[in-house]
Amino acid sequence: QVQLVESGGGLVQPGGSLRLSCAASGRTFNSNTMGWFRQAPGKEREFVAAISSGSGSTSYADSVKGRFTISGDNAKNTVYLEMNSLKPEDTAVYYCARRNNRRVSYSLYEYDYWGQGTQVTVSS
């Protein structure tokens, strides 16, 4: 069984920064892909970023490129999402998820375990 627990969300002003963490139990990060998704009210859940444990390769949605950075710590079984230059449109519940494959995927349907989510609100 795999459990994912996100933390680090909160209220931040536009232009500010937050770092989200996703702590995983079980064999989650090695030989897998870890992804971050987000869902704003009334909108579908969308891909944000992902990292492959095998190659360390990363992928980002166009809307966050250059502002967000995903990273992982295998020893701690933790994945991070560093978010800078935050905008009001980044407001959403952020979820981490695991894909049992080393190839990065943008599709939420290819991820089999999900965390409960953490709220990020960007507002002045």
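What you see is a predicted model; the values in this text were computed from it and never measured. When reading the values below, keep in mind they use all heavy atoms of this one structure, side chains included, and skip hydrogens, waters and symmetry mates.
A distance of 10.0 Å separates CG in N101 from CG in D112, rounded to the nearest 0.5 Å. In this structure, L108 CG and Q39 CD are separated by 9.0 Å, a value rounded to the nearest 0.5 Å. A distance of 8.5 Å separates OG in S7 from CD in Q116, rounded to the nearest 0.5 Å. Here R98 contributes atom CZ and W114 contributes atom CH2; the two are 12.5 Å apart, rounded to the nearest 0.5 Å.
Side chains of M34 and L4 form a contact here, defined as non-hydrogen atoms less than 4.5 Å apart. Counting only heavy atoms from C-beta outward, the side chains of Y60 and V48 never approach each other to under 4.5 Å.
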Anything under 3.5 Å between a donor and an acceptor, one on a side chain of residues 12-22, the other on a protein residue two or more places apart or in another chain? List them.
unit_1 : atom_1 : unit_2 : atom_2 : d
S17    : OG     : N84    : OD1    : 2.8

Report all side-chain donor-acceptor pairs from residues 117-124 shorter than 3.5 Å, counting only partners two or more places apart or in another chain.
unit_1 : atom_1 : unit_2 : atom_2 : d
T118   : OG1    : G9     : N      : 3.2
Q119   : NE2    : A92    : O      : 3.4
Q119   : NE2    : T121   : OG1    : 3.3

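Contacts classified as salt bridge (charged side-chain N to carboxylate O under 4.0 Å, His left out) and involving residues 55-64 (residues at least two apart or in different chains) are given here: D62-K65. For residues 41-52, the pairs satisfying salt bridge (charged side-chain N to carboxylate O under 4.0 Å, His left out) are R38-E46, with sequence neighbours left out. Screening residues 78-99 for ring pair (Phe, Tyr, Trp, His ring centres under 6.0 Å) gives no qualifying pairs among residues at least two apart or on separate chains.
Not counting sequence neighbours, the partners of F47 by the ring-ring contact (aromatic ring centres under 6.0 Å, His included) test are F37, Y106.
In this structure, the side chain of S57 does not engage the main chain of S55 through any donor-acceptor pair within 3.5 Å.
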